[in-house]
Amino acid sequence: MPDTILIAEDDPVQSKMLGMLLSKKLGYRTIVVENGQEAVQCVQASEIGAISAVLLNISMPVMDGFDALQNIRQQRPDLPILMLTAQDDTKLAVKAIKMGANDFITKPPIPAQLEIALKNAIRIYHLTVELSRLKRDREGALTFNDIVGHADGLTQAVAYGRKAATSEVPVLIHGETGVGKELFARAIHGESR
């Protein structure tokens, strides 16, 4: 499944161009929002791993890119964020990097530059997520966020598992060999008291 990139851009021409470049040429899935507040809400509503990177325009209505960057960093410190701006200003770039942006790209972006920046940021993000998962596995603290899959049956099973993790009663997990009973048991244990 391709990585999903969240694009926060208030200019419809730029957002359409970025969306087409990322989806058609580079093979990413895209979510496009019009301002920083919508980007923050989208990240809040998504599960960890659902969004692989964020492209934030600096100048947007409602909430600018710097405020959105700060809010997203508080929620998801490891999520790659690339800042976009029409101004080629070194001071803005330094400010963005100091605030936690992974990269700073001038609009309109050069496709090869954007591709390299995204690939590098996403590769580091996936390695960080995997390292964190392995650490939780070693400590016996896996959660349902560590279970990868999008099938309806799996989503329903995860919902049941999360409900079981909040209860105080013993849980019996049964199923065919190889369906992930032990993984579910570890996730229930990891999310329970």
Side-chain angles (χ1 to χ4, degrees), residues 1-86 92 96-97 99-130 132-133 143-156 158-159 162:
M1 179 179 237
D3 288 303
T4 300
I5 310 298
L6 174 63
I7 302 168
E9 172 63 67
D10 62 324
D11 180 358
V13 174
Q14 287 288 330
S15 63
K16 186 171 185 168
M17 184 209 57
L18 284 167
M20 287 178 61
L21 171 67
L22 294 176
S23 62
K24 302 258 190 269
K25 186 172 182 205
L26 303 180
Y28 293 111
R29 290 180 49 225
T30 58
I31 301 170
V32 180
V33 296
E34 294 180 0
N35 60 58
Q37 185 175 17
E38 290 178 7
V40 170
Q41 291 169 347
C42 192
V43 170
Q44 282 176 337
S46 69
E47 292 185 19
I48 292 174
I51 296 173
S52 300
V54 179
L55 293 178
L56 278 178
N57 184 15
I58 290 179
S59 301
M60 293 183 288
V62 184
M63 180 186 287
D64 72 10
F66 287 123
D67 290 338
L69 170 64
Q70 197 169 27
N71 281 299
I72 292 170
R73 274 289 165 252
Q74 289 172 355
Q75 297 170 43
R76 303 266 303 280
D78 296 331
L79 185 64
I81 300 174
L82 286 72
M83 302 300 285
L84 300 169
T85 185
L92 285 177
I97 300 300
M99 290 181 69
N102 296 72
D103 211 335
F104 184 87
I105 298 172
T106 306
K107 296 190 300 187
I110 299 167
Q113 179 189 11
L114 181 61
E115 179 181 14
I116 291 168
L118 275 172
K119 280 186 178 180
N120 288 339
I122 291 171
R123 183 178 298 125
I124 291 169
Y125 173 65
H126 286 309
L127 289 171
T128 303
V129 168
E130 181 63 12
S132 176
R133 187 196 66 76
T143 66
F144 286 104
N145 290 333
D146 297 312
I147 297 176
V148 178
H150 300 286
D152 290 337
L154 180 61
T155 304
Q156 187 176 15
V158 166
R162 283 195 164 120

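Atom CZ of R29 sits in a sparse spot, with 12 or fewer heavy atoms from other residues, nucleotides or ligands closer than 6.0 Å. Counting non-hydrogen atoms of neighbouring residues, nucleotides and ligands closer than 6.0 angstrom, the CD atom of E34 reaches no more than 12 such neighbours. Atom CD1 of I110 has 12 or fewer heavy atoms from other residues, nucleotides or ligands within 6.0 Å.
Just one of V54, I122, L82, I51 meets the side-chain contact (heavy atoms from CB on, under 4.5 Å) condition when paired with I5; it is I122. Here the rule is side-chain contact (heavy atoms from CB on, under 4.5 Å) with V43, and of I81, N71, V33, I72 only I72 fits it.
D10 has its side chain within reach of N57: a pair of non-hydrogen atoms, C-beta onward, lies under 4.5 Å apart. Side-chain atoms of M63 and V40, non-hydrogen and from C-beta on, do get closer than 4.5 Å to each other. Side-chain contact between Q75 and Q44 is present, with at least one heavy-atom pair separated by less than 4.5 Å. By the 4.5 Å heavy-atom criterion applied to side chains, D3 and H126 are counted as neighbours. At a threshold of 4.5 Å between non-hydrogen side-chain atoms, the residues N102 and I124 do not count as touching.
Here the straight-line distance linking atom CD1 of I97 with atom CG of L69 works out to 9.0 Å at 0.5 Å rounding. Of the inter-residue distances, the one linking M17 atom CE with I7 atom CD1 reads 9.0 Å to the nearest 0.5 angstrom. Remark: S59 OG to E9 CD distance equals 9.5 Å, nearest 0.5 Å. From S46, atom OG reaches atom CD1 of I31 across 7.5 Å, with rounding to the nearest 0.5 Å. To the nearest 0.5 Å, atoms CG (L114) and CG (L21) are separated by 6.0 Å. Within the model, atoms CG of N120 and CD of E115 stand 10.0 Å from one another, a figure rounded to the nearest 0.5 Å.
Considering all non-hydrogen atoms of both residues, A86 and K107 come closest at N-CE, 3.9 Å. Across all their heavy atoms, P109 and I105 have their closest contact at CB-CG2, 3.7 Å. Across all their heavy atoms, F66 and M83 have their closest contact at N-CE, 4.1 Å. Residue L56 comes nearest to A8 through the heavy atom pair CD2-CB, 3.5 Å, listed as atom of the first residue, atom of the second, then distance. Annotation for D103 and A117: closest pair OD2-CB, 3.4 Å, computed over non-hydrogen atoms. Y125 and S52 make their closest contact through CD2-O, 3.7 Å (heavy atoms, listed as atom of the first residue, atom of the second, distance).
Under the 3.5 Å distance criterion, the side-chain polar atoms of R123 are left unmatched by any main-chain donor or acceptor of L118.
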